[in-house]
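One structure below.
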Amino acid sequence: MARQNRARRPDETDEAGFFEEVYALIAQIPRGRVVTYGQVAALLGVPRGARAVGWALRVLDESRAATVPWHRVVGAGGRISLRAGSGPTVQRRRLRAEGVRFRNGRIDLTRYGVLSSLPTSPRAQRPSS
DNA sequence: GGGGTGACTTTAT
DNA sequence: CATAAAGCCACCC
């Protein structure tokens, strides 16, 4: 089906799919800075699309990964969210190499976060009560 | 067009 | 602070 206008931003085209937008945005993250999945999603107009962002990075193939600084995307609270395996270690090492310091396995988003003023994710959930 | 999936996030116990 | 459960989203079959 012709995907509906998923681009929520007026200056964004929907030709490139959400994933591409994610890649484009991440590609602009300055070296030594990080951003959370939730922030990326929010910037693309999907406040609750953090999970979708993770999806975009998950399907990144090797060649594409070379052009997208995926390691600069971290979980809420500045924690490495990559699943077990070779992931967390590599990401942490890369960030360290860029000057990002870890505090008990976490990153101070107020210092290294590109959007220190923007919440990692809007609080609008209510599992119950 | 329905359903599964997961590099998320938050709230509750 | 650790574990559990539940929303939310876009992509793919």
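A note on names: the letters A, B, ... follow the listed sequences, proteins ahead of strands, and every chain is numbered from 1.
- One interatomic measurement links the two molecules: CZ of A:Phe18 to P of C:dC12, which rounds to 13 Å at whole-angstrom precision.
- We find that CD of A:Gln91 is positioned 13 Å from C1' of B:dC8, with the value rounded to whole Å.
- Note: A:Leu43 CG to A:Gln28 CD = 10.0 Å, rounded to the nearest 0.5 Å.
- Side-chain proximity of A:Tyr37 to the nucleotides B:dC8, C:dC9, C:dC11 is greatest for B:dC8.
- Of the two residues contacting DNA chain C, namely A:Arg106 and A:Trp55, the nearest-nucleotide position lying further toward the 5' end is that of A:Arg106.
- With B:dA7, C:dC11, B:dT9 as the candidates, the nucleotide lying closest to the side chain of A:Ala76 is B:dT9.
- Distances were taken from every side-chain heavy atom of A:Arg48 (C-beta onward) to each of C:dC8, B:dA7, C:dA10; the shortest belongs to C:dC8.
- A:Leu44 places its CG atom 15 Å from the C1' atom of B:dC8, with the value rounded to the nearest Å.
- Only one option out of A:Val40, A:Val53, A:Val68, A:Val73 pairs with A:Leu25 in a side chain to side chain contact (heavy atoms under 4.5 Å, CB included); it is A:Val40.
- Atom P of nucleotide B:dA7 and atom CZ of A:Phe19 are separated by 12 Å, given to the nearest angstrom.
- Here the C1' atom of nucleotide C:dC12 and the CZ atom of A:Arg58 are 11 Å apart, to the nearest Å.
- When side chains are defined from C-beta on, A:Arg111 does not count as touching A:Arg101, because their heavy atoms never get closer than 4.5 Å.
- Residues A:Glu98 and A:Arg33 are not paired through a salt bridge, judged by the lack of any N-O separation under 4.0 Å between the basic side chain and the carboxylate.
- Set against B:dT9, B:dG6, C:dA10, the side chain of A:Arg51 has B:dG6 as its closest nucleotide.
- Here the C1' atom of nucleotide C:dA10 and the CD atom of A:Glu20 are 13 Å apart, to the nearest Å.
- Between A:Gln39 atom CD and B:dT9 atom C1' the separation is 12 Å, expressed in whole Å.
- One atom, CH2 of A:Trp70, and another, P of B:dG6, lie 19 Å apart when rounded to the nearest Å.
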